[in-house]
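A short write-up of the structure that comes next.
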Amino acid sequence: MQKNHSINLNLTINSGQVFLWDKFGDSWFGIDGQDLLVIREEPFKVIYPSKKITRFFREDDNLERIISEITKDNLVKSAVNQFGGLRLMRQEPFQCYISFICSSNSSIQNIKRMLKNLCKKFGNKIEFDKKEFFTFPIPERLANASNRDLISCGLGFRAKYVKLAAKMVYEDKLNFESLTKNDYKSALEELKLIPGIGNKVADCILLFSLDNLESFPLDRWTQRILLKYYSKIFDVYSEGTLTEKKYYELHEKIVDYFGQYAGYSQQFLFKMERDLNKKSWL
DNA sequence: TCATCACCTGGAGA
DNA sequence: ATCTCCAGGTGAT
């Protein structure tokens, strides 16, 4: 196993977790809720905010232990070796929630465009280094947004979902703090009550912002991975849409196999297979 | 419980 | 130029 466990920003940002990051010069600029994060890529250094952002990069995780727990086979082992600097991030929950609602049946570049438009229209302008950025909208702004304004951001059929989802948070009918404390299954079910959120999106929200490391989002790519490398172990025979029951059963088997940190294994395998297929991240 | 299908939108390929 | 297909799914029949 690779000894160097330092963060590789480029790998981490380009692994499908976040959408509002851009690189200018040798630094990355990212929006996380109401915060702007500025980080120099090489060598890794947090430029702003000056207080160390250990939470965002999950530096409180015991990575040694996690890596040793998820390396159940040679495939994970080689993915971990190849992408040693890849990390899961702990995003601001509301942004993550809206981002993945927007992600359904869309492409990464489209998702980025939608979210940027939302920030520009409903977020707050901030300046850094003579550059202009927009924070992510707070729940109230999106809950009160007109359908026309949301459509103008390019959300398409997702516009109504975003508005409703924001309303649920604004009215405190959905509370991220309590979701974080819930066990995996009840948190998943509660998220799925929101229109526009199914199993895959719920899993992304849980894994990327609500500290549920056993989440293992099953999308086209992860299904392809299971079919290609793990068909015997998990009894997968196609990569079509999973039924409710199959999704649940498959997740059970995955956690049995990869363990409580299955989400980390997913991230390494996902990144590996996407790169193998030369998919770009923009 | 399960299989089909429509869905906003922009970019890539025919 | 114009069209078709598809992209990290979901909800309604």
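Predicted model, so just to flag it, every value in this text is computed and none were measured. In what follows, chains carry the letters A, B, and so on, assigned in the order in which the sequence lines appear, proteins first and then strands, with residues in each chain numbered from 1.
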Between A/Leu227 and A/Phe268, is there shared hydrophobic-cluster membership here, with clusters defined by ILVMFWY side-chain heavy atoms closer than 4.5 Å? yes
Separation of atom OH in A/Tyr161 from atom P in C/dA12, rounded to whole Å: 7 Å
A/Trp221 has an atom CH2; how far is it from atom P of C/dG9, in whole Å? 11 Å
For DNA chain C, the expected dot-bracket line (Watson-Crick or G-U under 3.5 Å, [ ] crossing, | inter-strand) is .||||||.|||||
Calculate the interatomic distance between A/Leu218 atom CG and C/dG9 atom P; express it in whole Å. 12 Å
In whole Å, what separates the P atom of B/dC8 from that of C/dT13? 14 Å
So A/Ile194, base contact, sugar-phosphate only, or nothing? Heavy-atom distance under 4.0 Å. sugar-phosphate
Counting any heavy atom closer than 4.0 Å, what does A/Ile197 reach on the DNA or RNA strands: base, sugar-phosphate only, or nothing? sugar-phosphate
Assess the side chains of A/Gln17 and A/Ser15: does a donor N or O sit below 3.5 Å from an acceptor N or O? yes
Regarding A/Arg158, tell me which of base, sugar-phosphate or nothing describes its non-hydrogen contacts under 4.0 Å with the strands shown. base
Counterpart residues, salt bridge (charged side-chain N to carboxylate O under 4.0 Å, His left out), relative to A/Glu92 (two or more places apart): none
At under 4.0 Å between heavy atoms, what does A/Lys245 touch on the DNA or RNA strands: base, sugar-phosphate, or nothing? sugar-phosphate
Need one value for A/Pro195: base, sugar-phosphate or nothing, where a base atom within 4.0 Å counts as base even if backbone is also close, heavy atoms only. sugar-phosphate
Expressed in angstrom and rounded to an integer, what is the separation of A/Tyr247 atom OH from B/dT1 atom C1'? 18 Å
Interatomic distance where CG belongs to A/Asn105 and C1' belongs to B/dA6 [whole Å]: 10 Å
Nearest-Å distance for atom pair CZ/C1', residues A/Phe157 and B/dC5: 13 Å
Looking at every strand, decide which applies to A/Phe100 at a 4.0 Å heavy-atom threshold: base, sugar-phosphate, or nothing. base
Taking the side chain from A/Tyr97 and the backbone from A/Ala165, do they hold a donor-acceptor pair closer than 3.5 Å? yes
Decide if the gap between the ring center of A/Phe133 and the ring center of A/Phe128 is smaller than 6.0 angstrom. no
Pick the C1' atom in C/dC5 and in B/dC5, then give their distance to the nearest Å. 16 Å
Sugar-phosphate only, base, or nothing, as touched by A/Thr222 at under 4.0 Å among non-hydrogen atoms: nothing
d(CG, A/Asp219; P, C/dA7) in whole Å: 11 Å
What is the distance, rounded to the nearest whole Å, between atom CG of A/Leu115 and atom C1' of B/dT9? 14 Å
C/dA7, C/dT10, B/dC8: which one has an atom nearest the side-chain heavy atoms of A/Lys160? B/dC8
A/Phe136-A/Phe122 aromatic ring centre distance below 6.0 Å: no
Heavy-atom nearest nucleotide on DNA chain C for A/Lys200 versus A/Gly196: which residue maps closer to 5'? A/Lys200
Tell me whether the OP1 or OP2 atom of C/dG9 has a side-chain N or O from A/Arg220 closer than 4.0 Å. yes
A/Lys72 side, atom NZ; A/Lys77 side, atom NZ - distance, nearest 0.5 Å: 11.5 Å
Which part of the nucleic acid, if any, lies within contact of A/Thr243, taking any heavy atom under 4.0 Å across all strands shown: a base, the sugar-phosphate backbone alone, or nothing? sugar-phosphate
Aromatic contact between A/Tyr230 and A/Phe258, with the criterion being ring centroids under 6.0 Å apart: yes or no? yes
